[in-house]
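Order of appearance sets the numbers: ligands from 1, and atoms from 1 within every ligand. Numbering starts at 1 and runs along the sequence shown. Only this structure's heavy atoms are used, side chains among them; waters, hydrogens and symmetry mates stay out. Just so it is clear, the model here is predicted, and its values are computed rather than measured.
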Amino acid sequence: MCGIIGYVGKQQALPILLEGLKQLEYRGYDSAGLAILTGEGLQVRKAVGRIASLEGRVLAEPDTHVLSGSVGLAHTRWATHGAPSEANAHPHLDSRRHIAVVHNGIIENHAVLRQFLERAGVVFTSQTDTEVLGHLISYHMNGDPPLHSEPSMHTILPSGQSSESGVATTQPKAPADTRLPTVDLSPTNGSAPGPEPLTLLESVLAALSQVVGTFGVAVLSLDEPQTIVAARRGSPLLVGIGKDEFIVASDAAAIVAHTSNVIYLEDNEAVEITPGKLRTVTLDAVPVSKTVEHIAVSLSEIELGNYRHRMLKEICEQPESLHNCLRGRLDALGHRVIFGGLASVERELSRTHRFLLTGCGTAWHAGLVGGYLMEDLARIHTEVAVASELRYRNPLIDEGTTLIAISQSGETADTLGALREVRDRGALALGVVNVVGSSVARNTDAGIYLHVGPEIGVASTKAFTAQVAVLSMLAMWMGRRRHLSTERYAELVHALAQVPTQMAEVLAQSDRIAEAARKVYAQENWLFLGRGYHLPVALEGALKLKEVSYIHAEGLSAAEMKHGHIALLEDGFPVVALAPQGSQYEKMLSNIEECRARGARIFAVGTRGDQRLRALVDEVFEIPPLPEPLQPLLAVLPLQLLAYHTAVLRGCNVDRPRNLAKSVTVE
Ligand code: G6P
């Protein structure tokens with residue numbers, strides 16, 4: 001949610017910032033902006049919409065040389081406070097226009113800080129919570145009050161309007177002599193503005209000591225023109241260490257093109273970057289030493305290749321991504337599951353009498369499949385809760401409870417909140433996470449990485465199948481320690497090992513699914529029906545369709561349909577039914593009959609060669625036969641493709657769906 005990149009080095013910052021923003025765009029894309037320290041002062045450019053708008057605007061300038069400089073910051077935004085507009089786009093400046101700030105997260109006490117600053121004479125130019133940061137940092141750095149704002153010099157006007165080229169240049173100015181009234185907002189770390197001006201780092205730390213909320217923040221200042229200071233609490237930041245250059249970013253995607261050597265900032269840490277030098281401290285200014293780590297993401301993994309959309313690429317790479325997820329964990333020859341990552345907690349796990357699974361969105365749906373798996377295969381009481389509810393409901397936790405936090409990004413604010421809440425109450429906490437070193441990964445006792453490579457399409461696809469696969473393996477692993485027979489265990493391990501190959505078979509129906517989508521893509525309401533293991537798949541199918549095509553879709557238990565939802569059905573109403581052969585098959589056929597009797601157009605996911613099903617419905621998307629607990633891994637694929645093709649037919653931007661962001665780091 002929102003992307004940050006900053007550059008300090010010897011190259012021109014502008015192209016690096018623009019390229020970095022493009023890699024980060026999936027995290028938010030309603031507006032973007034950049035700030036570069038140049039020989040002519042602090043240059044700021046902003047644009048509403050995609051990065052391409054900002055790039056187009058910058059490249060259309062008569063003299064891009066004005067933007068020449070090797071220290072700069074940029075940001076792509078997903079609006080929280082204030083609508084998407086140029087005024088609300090980052091970077092935000094202080095009143096003197098010496099300081100530029102980009103920020104991810106939420107400043108919860110922004111209203112009180114704003115009030116204080118306004119009383120001191122600051123005129124705010126945006127509705128964002130972030131703007132207080134620039135003014136506060138300025139307050140500490142300059143040792144004198146923020147100036148009254150002048151007409152917004154950093155607001156870029158649409159081309160053709162006044163303000164010359166619509167370009168903003170800010171020059172160092174003499175400070176005004178207005179004094180701030182004394183207020184009780186003085187820094188808690190003793191670095192109150194005094195006679196000695198503070199450095200940028202000291203000023204940022206002083207300002208952050210007054211902030212309640214979450215932040216990944218990067219700041220530059222005309223007064224220290226070779227420096228970027230960045231800090232984090234609850235929102236990820238890492239620094240790429242290249243040859244003679246540093247790149248600070250909220251996401252490895254913006255760094256991999258330059259270097260694979262990085263340091264990850266932990267919560268409550270800050271970094272000061274100057275040419276050739278990097279210094280890390282806690283937010284209390286205590287030096288911390290960091291280990292340089294190697295990011296295992298390659299450029300080809302984040303590039304689109306020959307695919308039209310990232311969503312399609314990620315759907316189609318599932319045979320490979322699932323193979324990577326299973327590799328080393330599934331010993332098909334020895335018929336067993338191996339979880340090195342759980343060795344340290346094996347004793348606690350054996351005492352577990354209750355699993356609590358949590359996550360948001362698609363990850364929650366994977367958790368719902370996990371709930372069925374745990375009860376069915378491991379015979380352990382399992383509850384699955386949406387993270388945003390779990391964290392605030394005063395949950396009952398005891399030492400026999402094991403929490404499993406499921407998250408692709410590992411940064412989802414609600415999932416992290418639930419994890420901390422439940423862990424603080426004494427549960428063992430495990431993570432099922434894709435992004436290595438992410439906050440969820442770092443806040444759990446042990447965990448299992450998905451290893452599916454970067455997922456960039458906003459609608460989660462390959463992460464879902466890997467999450468379900470990991471939970472399947474965990475349920476088998478736990479089951480084997482309890483009631484699961486050797487034969488059943490071996491059968492499941494063997495079947496799971498075949499799934500990557502079977503996935504390719506299912507995905508080969510893509511063209512036929514596109515044809516089916518053509519028949520219904522204009523319909524504004526759809527139902528997805530499933531029972532048992534396939535109820536979460538129905539929920540996920542409906543979510544995928546909503547996310548990328550803006551069609552209203554509901555996923556529900558096919559059995560529940562008769563308790564109200566059936567009133568929706570009429571001639572041609574699209575119903576997608578999950579009906580592979582298994583324990584609920586006969587019941588599902590009856591539910592399909594009920595829909596058919598009311599004129600619904602029915603697409604089904606069924607077992608290969610099932611003639612009974614074929615006779616009842618308009619289209620069958622087939623999956624090969626496999627044990628029921630593993631069926632969701634294949635059954636979801638036609639639904640991902642159906643959502644994708646429907647969205648493309650409707651002319652929607654599947655990789656940048658409106659109002660969504662890949663990683664939701666706010667509550
Ligand atoms: C956002 C995304 C969803 C995702 C959810 C949880 O809402 O748009 O696709 O499922 O966050 O994300 P996580 O990274 O925790 O799996």
Side-chain angles (χ1 to χ4, degrees), residues 1-3 25-30 78 80 104 234-236 250-253 310-311 314-315 321 325 357-370 384-391 403-420 430-444 447-450 452-468 470-471 536-537 539-550 555 636 639-640 643-644 647 652-667:
M1 174 159 282
C2 302
E25 196 172 23
Y26 73 106
R27 300 187 69 104
Y29 36 84
D30 58 43
W78 184 90
T80 57
N104 291 350
S235 199
S250 52
D251 190 316
R310 283 190 196 278
M311 183 181 179
E314 287 162 9
I315 290 173
S321 60
C325 173
L357 273 52
T358 196
C360 301
T362 290
W364 173 57
H365 294 159
L368 290 171
V369 181
V384 188
V386 177
S388 51
E389 291 299 316
L390 178 61
R391 65 184 296 191
L403 175 84
I404 305 181
I406 307 160
S407 174
Q408 187 285 129
S409 63
E411 301 295 347
T412 302
D414 283 321
T415 307
L416 254 178
L419 162 61
R420 288 182 175 136
L430 306 183
V432 173
V433 174
N434 193 33
V435 178
V436 176
S438 57
S439 300
V440 170
R442 284 200 310 270
N443 282 277
T444 42
I448 306 163
Y449 281 120
L450 301 181
V452 294
E455 187 183 71
I456 291 174
V458 171
S460 185
T461 52
K462 64 177 179 175
F464 176 80
T465 44
Q467 286 158 350
V468 171
V470 164
L471 293 169
V537 181
L539 298 180
E540 177 59 9
L543 180 66
K544 283 298 88 98
L545 189 71
K546 276 184 272 201
E547 285 179 309
V548 295
S549 74
Y550 319 142
V636 75
L639 308 194
Q640 294 172 346
Y644 170 76
C652 299
N653 184 340
V654 290
D655 285 338
R656 303 282 180 268
R658 72 181 179 208
N659 304 338
L660 301 186
K662 181 67 183 162
S663 174
V664 182
T665 52
V666 294
E667 283 189 47

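Within the structure, ligand 1 has V458 among the residues with a heavy atom less than 4.0 angstrom away. Look at C360 and you'll find a heavy atom under 4.0 Å from some atom of ligand 1.
T362 pairs in a side-chain hydrogen bond (donor to acceptor under 3.5 Å, both in side chains) with only one of the listed residues (E540, Q467, E547), which is E540.
For the pair Y449 and A441, the tightest heavy-atom approach, listed with the atom from each and the gap, is OH-CB, 3.3 Å. Listed here is the closest heavy atom pair of S250 and G3: OG-CA, 3.4 Å. For A418 against L390, the heavy-atom pair with the smallest separation is CB-CD2, 4.0 Å.
Summarising the geometry, atom CD1 belonging to I406 is positioned 11.5 Å from atom OG1 belonging to T412; distances are rounded to the nearest 0.5 Å. To the nearest 0.5 Å, atom CD1 of residue I448 and atom CG of residue L430 are 7.0 Å apart. Rounded to the nearest 0.5 Å, atoms OG1 (T461) and CD (E455) are 5.0 Å apart. In this structure, L450 CG and S321 OG are separated by 9.5 Å, a value rounded to the nearest 0.5 Å.
Side chain of E314 to main chain of I456: a donor-acceptor pair is present (N/O by atom type, distance under 3.5 Å, no hydrogens or angles).
Distance from atom 7 (O) of ligand 1 to its nearest protein heavy atom, with residue and atom name: V664 CG2, 3.8 Å. In this structure, atom 12 (O) of ligand 1 lies nearest to the protein heavy atom T412 OG1, 3.4 Å. Closest protein heavy atom to atom 3 (C) of ligand 1: E547 OE2, 4.0 Å. In terms of protein heavy-atom proximity, atom 8 (O) of ligand 1 is nearest to A661 O, 3.1 Å. Closest protein heavy atom to atom 11 (O) of ligand 1: K662 O, 3.9 Å.
At a heavy-atom cutoff of 4.0 Å, ligand 1 is contacted by no atom of E411, backbone or side chain.
Remark: ligand 1 and T415 share no N or O pair separated by less than 3.5 Å (distance only, no angle test). Distances between N or O atoms of Q467 and those of ligand 1 include no value under 3.5 Å.
Under a 4.0 Å criterion applied to the non-hydrogen atoms of Q408, ligand 1 contributes the atoms 13 (P), 14 (O), 15 (O), 16 (O). The contact set between ligand 1 and S409, taken as ligand atoms under 4.0 Å from a residue heavy atom, comprises 13 (P), 14 (O), 15 (O). The contact set between ligand 1 and T362, taken as ligand atoms under 4.0 Å from a residue heavy atom, comprises 10 (O).
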